[in-house]
Amino acid sequence: MYSFEGDFRRKPLQSLRGASKKEEKDVLIKRAQKERQKRENARQRTESAIVIQSSYRSYLAKKRQMLIFRNQFDQSIQNIQQNLDVKIDTLFTLSRKLCYFFNPASDGNRLIWICQTAIKKKEEYLKYILQNTDSGIFQIKQLLLLCLRYLKAISTTQSPIAIPMRMLEIFTMSDSYGQGGQHHLSRIWTFLIQKGFFQHLRSILEMKVPSNLEKSPNPPTPIAESIFNLITSPISYAAKLKNKHFSDFVLGVVCRSLLCPAYSEQVGQFLLPAMAYGKYPFPFVDLIQALILQTSDTAVGEPKSKTGTQEDLLTPWLLCSVLTFADKCLETLSIDNSVSLLLLIGRIIPCLPSRYRHEDDSDSDDDMDTDDQMQGTGSIGLEDVGLDSERILNSQKFLHCILKCLKHKMESQLITSVCTICHALMTKLHCSIHKLRLLYSLAFNKTFIRSLWYTCVSVSNVTVTGSQITLLQTLSRGLAMTNDDINRIVPLLSVFCAMYSHSLYTLHDADFYGDSKDEDCSMPFSLTELVPMTLMLRDTCLGIIELAHPDARLSVTEDYREALRLTGVKDRQQQREEEEQHTRMWAYLFKVIATLVRQLYSRDTRRSFCPRHLWLSDRVHIQAGLFLNFLFYSPHRYTEHKDQFLPVDHLVL
């Protein structure tokens with residue numbers, strides 16, 4: 001019961017596990033999470049260190065192996081120079097080693113020696129390639145790619161480029177591979193084009209050919225002629241091969257590499273005229289078909305990472321290029337190809353920038369400085385591109401092409417393309433109808449005007465219930481429209497109103513009211529057709545005002561706008577740039593429609609042909625007794641009068 005061990009004093013007990021702590025659950029969870037995060041960071045640092053060390057070791061091993069191959073290459077060349085002979089097997093082995101260690105800065109002479117030897121033994125070299133198809137074609141592709149890289153690397157120096165250029169010319173000729181080896185040449189061209197063949201040659205052209213050129217299809221220097229022959233070589237080969245897939249691929253890359261980017265002087269003054277008017281016929285019809293395929297909404301082709309997007313393809317420079325090619329071929333194109341050309345131009349021309357900017361004075365000064373800098377760098381500005389495009393579109397050949405197509409078949413797709421072209425000329429280049437041959441010729445073509453109106457009326461959408469609703473009805477009700485619907489109806493309606501209004505200025509009352517018995521009457525509509533047209537245009541004006549000023553609608557209250565803001569819907573402040581652009585578009589459309597309505601009203605006041613109350617709408621309550629101070633949109637002074645295009649409740653008499 002009792003312990004008598006001589007230790008009668010109690011001693012403090014020492015706990016080896018440490019001081020006891022009572023942690024809260026949240027604190028324990030956070031501490032465990034931090035420890036896990038530390039372990040994860042340590043693991044990631046270890047893995048990253050392993051990857052970095054592995055990459056560095058592989059880099060060192062590759063550098064050592066490249067040095068070994070370079071020394072072996074030099075030793076083999078010394079032995080060959082002593083024996084004064086080289087075997088094809090040895091040449092292929094040396095070419096394989098060169099492809100492994102090649103560096104344009106230090107191995108240029110070695111590449112030159114390989115190219116010289118391959119050119120001297122061209123027949124044996126090509127025979128060996130065709131005997132060892134896979135390895136031979138792979139090696140010649142790599143060797144030609146080295147030539148391209150080397151040419152681009154020395155384009156800024158005075159180093160000679162004759163031998164690499166000759167290497168590219170010889171081993172990309174269709175005659176070199178015979179009739180049975182054309183598919184091998186197709187593989188070579190596909191590989192080189194995918195690796196930037198046209199981009200490299202454009203860089204070489206801009207560096208080796210002097211600037212300040214006059215526009216001419218004749219090469220200014222022998223080097224320019226050699227580079228031009230290399231550029232056109234795959235294009236001519238694709239035209240002869242008659243392989244649509246290969247041709248579309250080649251022409252698509254030509255557009256994205258040469259025709260879509262901004263022109264340098266070498267491209268705009270020499271390369272483009274030489275391709276259009278030079279000694280080699282350019283496959284313009286194939287280009288039209290390829291661009292139509294690649295610019296369509298359902299285009300199927302290469303991945304976007306390789307060929308880019310439609311935004312990269314549709315540029316003002318591509319438009320100028322297509323028109324330059326068309327200027328030579330318009331008279332020889334068939335009707336179907338001419339229709340395809342108009343469809344293509346209608347797709348590209350909306351990308352043409354406006355000739356006048358709508359910013360304040362300081363922004364305009366900055367833009368002028370930017371334009372001066374662009375001109376100083378040797379590039380061709382957008383103003384020159386717009387002038388060239390306007391000149392070709394206003395040519396007599398282009399007008400005959402349009403009239404020929406319209407006479408052949410007056411279908412809605414063709415009319416839409418023609419109206420898109422005319423709409424761009426009037427809104428982006430600000431061309432007056434009476435000054436442009438194309439515009440006033442179509443304005444006095446009553447068959448075109450009549451077909452254009454019924455095309456406007458027929459453009460429709462399918463509702464969720466399956467019924468059809470025309471876009472004019474949607475527009476007259478002031479309902480919001482998608483960008484696709486806007487692009488479908490605005491060019492048609494604006495061109496119709498502008499051209500029909502222009503034709504009414506010279507139309508006599510006898511022709512307008514149908515009193516003239518002349519069979520060649522220039523009035524495209526009867527009086528009974530004008531009544532529903534006038535009613536539709538009147539309501540469209542009111543709907544456009546509501547679209548331009550959505551905040552002014554009576555149905556849109558402050559509580560509703562606040563609810564839209566809280567739910568994340570963009571308000572007017574957040575999408576100001578887009579709405580300002582739309583407001584300018586609606587203002588122009590309102591101007592041309594209101595001008596036509598005013599002319600019809602003036603004719604009706606002289607001799608009534610409309611019902612009595614047609615001109616009054618129950619959607620607007622007019623305030624009588626006040627002066628009407630409503631001005632129209634002017635593209636030259638938009639920033640000074642932003643408040644001219646007013647909401648419905650500001651319209652007063």
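Positions are given from 1 along the sequence.
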| message | Just to verify, what does Thr156 make a side chain to side chain contact (heavy atoms under 4.5 Å, CB included) with, not counting sequence neighbours? | response | Met207
| message | Main chain of Ser460, side chain of Arg488: is a donor-acceptor contact present, judged purely on distance under 3.5 Å? | response | yes
| said: Quick check: do Leu148 and Leu201 have side-chain heavy atoms less than 4.5 Å from each other? | reply: yes
| query | Have Tyr150 and Ser159 got a donor and an acceptor in their side chains that come within less than 3.5 Å? | reply | no
| Which residues satisfy the side-chain hydrogen bond (donor to acceptor under 3.5 Å, both in side chains) test with Arg202, sequence neighbours excluded? | Glu206
| said: Which residues pass the side chain to side chain contact (heavy atoms under 4.5 Å, CB included) test with Thr93, not counting sequence neighbours? | reply: Arg96, Lys97
| task | Just jot down the salt bridge (charged side-chain N to carboxylate O under 4.0 Å, His left out) partners of Arg110, sequence neighbours excluded, or say none. | result | Asp74, Asp107
| task | Not counting sequence neighbours, list each pair that qualifies as a salt bridge (charged side-chain N to carboxylate O under 4.0 Å, His left out) and has a residue in residues 223-234. | result | Glu225-Lys279
| Residue pairs, two or more places apart or on separate chains, that pass side-chain hydrogen bond (donor to acceptor under 3.5 Å, both in side chains) and touch residues 161-176 | Arg166-Glu169
| note | In Val490, Asn461, Ile486, the residue satisfying side chain to side chain contact (heavy atoms under 4.5 Å, CB included) with Met481 is Ile486
| query | Hey, is Asp248 close enough to Lys244 for a salt bridge, meaning N to O under 4.0 Å? | reply | yes
| note | Residue pairs meeting side-chain hydrogen bond (donor to acceptor under 3.5 Å, both in side chains), one or both in residues 136-146, sequence neighbours left out, come to none
| task | Return the set of residues passing salt bridge (charged side-chain N to carboxylate O under 4.0 Å, His left out) with Glu124 (not counting sequence neighbours), or none when no residue passes. | result | none
| Is it the case that Ser412 and Tyr454 place a side-chain donor and acceptor less than 3.5 Å from each other? | no
| said: Strictly distance-based, threshold 3.5 Å: is any side-chain N or O of Thr133 a donor or acceptor partner for the main-chain N or O of Ile129? | reply: no
| query | How are the rings of Trp189 and Phe197 set relative to one another: parallel (under 30°), tilted (30 to 60°) or perpendicular (over 60°)? | reply | perpendicular
| request: Please list all pairs passing the side-chain hydrogen bond (donor to acceptor under 3.5 Å, both in side chains) test where one or both residues lie in residues 323-345, with sequence neighbours left out. | output: Tyr277-Asp327, Asp327-Lys397, Ser334-Asn337
| query | Do the non-hydrogen side-chain atoms of Ser354 and His430 ever get within less than 4.5 Å of each other? | reply | yes
| Are Pro353 and Lys428 close enough that some pair of their side-chain heavy atoms sits under 4.5 Å apart? | no
| Between the side chain of Ser458 and the main-chain N/O of Thr455, is any donor-acceptor distance below 3.5 Å? | yes
| Asn132 side-chain N/O to Ser135 backbone N/O, donor-acceptor pair under 3.5 Å | no
| request: Scan for salt bridge (charged side-chain N to carboxylate O under 4.0 Å, His left out) pairs involving residues 232-243, sequence neighbours excluded, and state none if there are none. | output: none
| Going from OG on Ser441 to CZ on Phe448, what distance comes out if it is rounded to the nearest 0.5 angstrom? | 11.5 Å
| request: Anything under 30° is parallel, anything over 60° is perpendicular, the rest tilted; go ahead and classify Tyr237 against Phe246. | output: perpendicular
| field | 4.5 Å side-chain heavy-atom contact, Cys422 and Leu439 | value | yes
| remark: Those residues at least two apart in sequence (or on a different chain) that pass side-chain hydrogen bond (donor to acceptor under 3.5 Å, both in side chains) with Ser417 are none
| remark: Contacts of Phe284 meeting ring pair (Phe, Tyr, Trp, His ring centres under 6.0 Å) (sequence neighbours excluded), chain-then-number -> none
